[in-house]
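Note on naming: letters A, B, ... go to the chains in the order of the sequence lines (proteins, then strands), and numbering restarts at 1 for each one.
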There are 2 protein chains.
Amino acid sequence: MRIGELADKSGVSRDTIRFYERNGLISSTTGESDTNNYRDYPDHNLELLGFFTKARDAGMSIADLRDIIETMNGSCDRSEAAQVIRNKIDDLKTRADQIARVVTFLEQSLENR
Amino acid sequence: MRIGELADKSGVSRDTIRFYERNGLISSTTGESDTNNYRDYPDHNLELLGFFTKARDAGMSIADLRDIIETMNGSCDRSEAAQVIRNKIDDLKTRADQIARVVTFLEQSLENR
DNA sequence: GTAAACCATGAACAATGGTCTATTGTTTTT
DNA sequence: AAAAACAATAGACCATTGTTCATGGTTTAC
């Protein structure tokens, strides 16, 4: 799949896809053509971009995502990779708790007005 | 209270406090001295800064906070102000849901490895 | 009364996460 | 074969959220 198709299907712009690739979140194979150097993306990148979008919405940084991707790919030591992910999960849960506290605070401010 | 004391007590740096003030999140009264123009902060700013810190941690933007503060202060129409806050609450809940989904996804990726 | 600590302002700088533009080359469509 | 659509790269640009710096004035402590 070329970048335009991936962009259309994923809802992530070409520029952003290239930006993600520069930052190590996804990788393309060099297409089989000799006359161009168009990127070629295997299908699973679609799923990956979907995850990135959700994760970015949840407040994860590019660096967080790169950590996850790198440990999943490299995965020399899979228990170490699992730990990286568990840490990210903990961060997310902490953030969710924080949100809950702020929601409570705002709800109280509505009641006490 | 002068800015240094507020910074110490709140854990928010002087520079950040001035930045927040420039951006309409807090306001100081001009001190009573004739010889200086030091800012003076009523005590409630301490609570306010605590809220901002939590809210920023929860992923709210400066603009979000400014919306809240402005509608709370201006509050010409209090039902309108309440609506602004309810919208922010909804945004936060949406974000919390998003986090929960990403956590689930990551937890599954740990199980299926 | 002098040094140290504090405060003010404005501007520059920095990191993050993109987005846009210019230029050039390749496909695809007509 | 010409036009339209797509792709690549490099670099400029943008908003957001601060932080740092330079300069200069004010307070406080010794």
Taking [Y]'s backbone N and O only, do any of them form a donor-acceptor pair with [X]'s side chain (distance below 3.5 Å, no angle check)?
| X | Y | answer |
| --- | --- | --- |
| B:Thr71 | B:Asp67 | yes |
| A:Asn23 | A:Leu25 | no |
| B:Gln98 | A:Ala55 | no |

For [X], enumerate each residue passing the side-chain hydrogen bond (donor to acceptor under 3.5 Å, both in side chains) test, keeping only those at least two apart in sequence or located in another chain.
| X | answer |
| --- | --- |
| A:Gln83 | A:Arg86, A:Asn87 |
| A:Ser27 | none |
| B:Ser10 | none |
| B:Thr94 | none |

Name each donor-acceptor pair under 3.5 Å that joins a side chain in residues 1-9 of chain A to protein atoms two or more places apart or in another chain, with its distance.
| unit_1 | atom_1 | unit_2 | atom_2 | d |
| --- | --- | --- | --- | --- |
| A:Glu5 | OE2 | A:Lys9 | NZ | 2.8 |

Checking side-chain polar atoms at under 3.5 Å, does B:Ser28 have a donor or acceptor matched by the opposite partner on B:Glu21?
yes
Using the 3.5 Å cut-off, write out each protein N or O paired with an N or O of nucleotides 27-30 of chain D and the distance between them.
| unit_1 | atom_1 | unit_2 | atom_2 | d |
| --- | --- | --- | --- | --- |
| D:dT27 | OP1 | B:Ser33 | OG | 2.9 |
| D:dT27 | OP1 | B:Thr35 | OG1 | 2.4 |
| D:dT27 | OP1 | B:Asn36 | ND2 | 2.8 |
| D:dT27 | OP2 | B:Thr35 | OG1 | 2.9 |

Which atom pairs link the protein and nucleotides 1-3 of chain C when you take only N or O atoms and keep those under 3.5 Å?
none

With sequence neighbours excluded, give me every salt bridge (charged side-chain N to carboxylate O under 4.0 Å, His left out) pair touching residues 92-108 of chain A.
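For residues 92-108 of chain A: A:Lys93-B:Glu107, A:Glu107-B:Lys93.
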[X] [atom1] - [N] [atom2] separation (whole Å):
| X | N | atom1 | atom2 | result |
| --- | --- | --- | --- | --- |
| B:Asp40 | C:dC6 | CG | P | 17 Å |
| B:Asp8 | C:dA5 | CG | P | 14 Å |
| A:Leu65 | C:dG17 | CG | C1' | 12 Å |
| A:Glu5 | C:dT27 | CD | P | 16 Å |
| B:Ile3 | D:dT19 | CD1 | P | 12 Å |
| B:Phe19 | C:dA14 | CZ | P | 18 Å |
| B:Asp67 | D:dT16 | CG | C1' | 15 Å |

[N] OP1/OP2 closer than 4.0 Å to side-chain N/O of [X]:
| X | N | result |
| --- | --- | --- |
| B:Thr16 | D:dT19 | yes |
| B:Tyr20 | D:dT17 | no |
| B:Ser13 | D:dT19 | yes |

Residue pairs, two or more places apart or on separate chains, that pass side-chain hydrogen bond (donor to acceptor under 3.5 Å, both in side chains) and touch residues 43-63 of chain B
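Qualifying pairs, neighbours excluded: B:Ser61-B:Asp64.
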Which protein N or O atoms sit under 3.5 Å from an N or O of nucleotides 9-12 of chain D?
| unit_1 | atom_1 | unit_2 | atom_2 | d |
| --- | --- | --- | --- | --- |
| D:dT9 | OP2 | A:Arg39 | NH1 | 3.0 |
| D:dT9 | OP2 | A:Arg39 | NH2 | 2.8 |

Angle between ring planes, A:Phe52 versus A:Tyr20, binned at 30° and 60°: parallel, tilted or perpendicular?
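Judged by the thresholds at 30° and 60°, the geometry between A:Phe52 and A:Tyr20 is perpendicular.
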Listed by chain and number, what are the ring-ring contact (aromatic ring centres under 6.0 Å, His included) partners of B:Phe19, not counting sequence neighbours?
none
Here the residues of residues 44-63 of chain A within 4.0 Å heavy-atom distance, strictly under, of DNA chain D are none
Measure the shortest side-chain to side-chain distance between B:Met72 and B:Ile85 over non-hydrogen atoms and say whether it is less than 4.5 angstrom.
yes
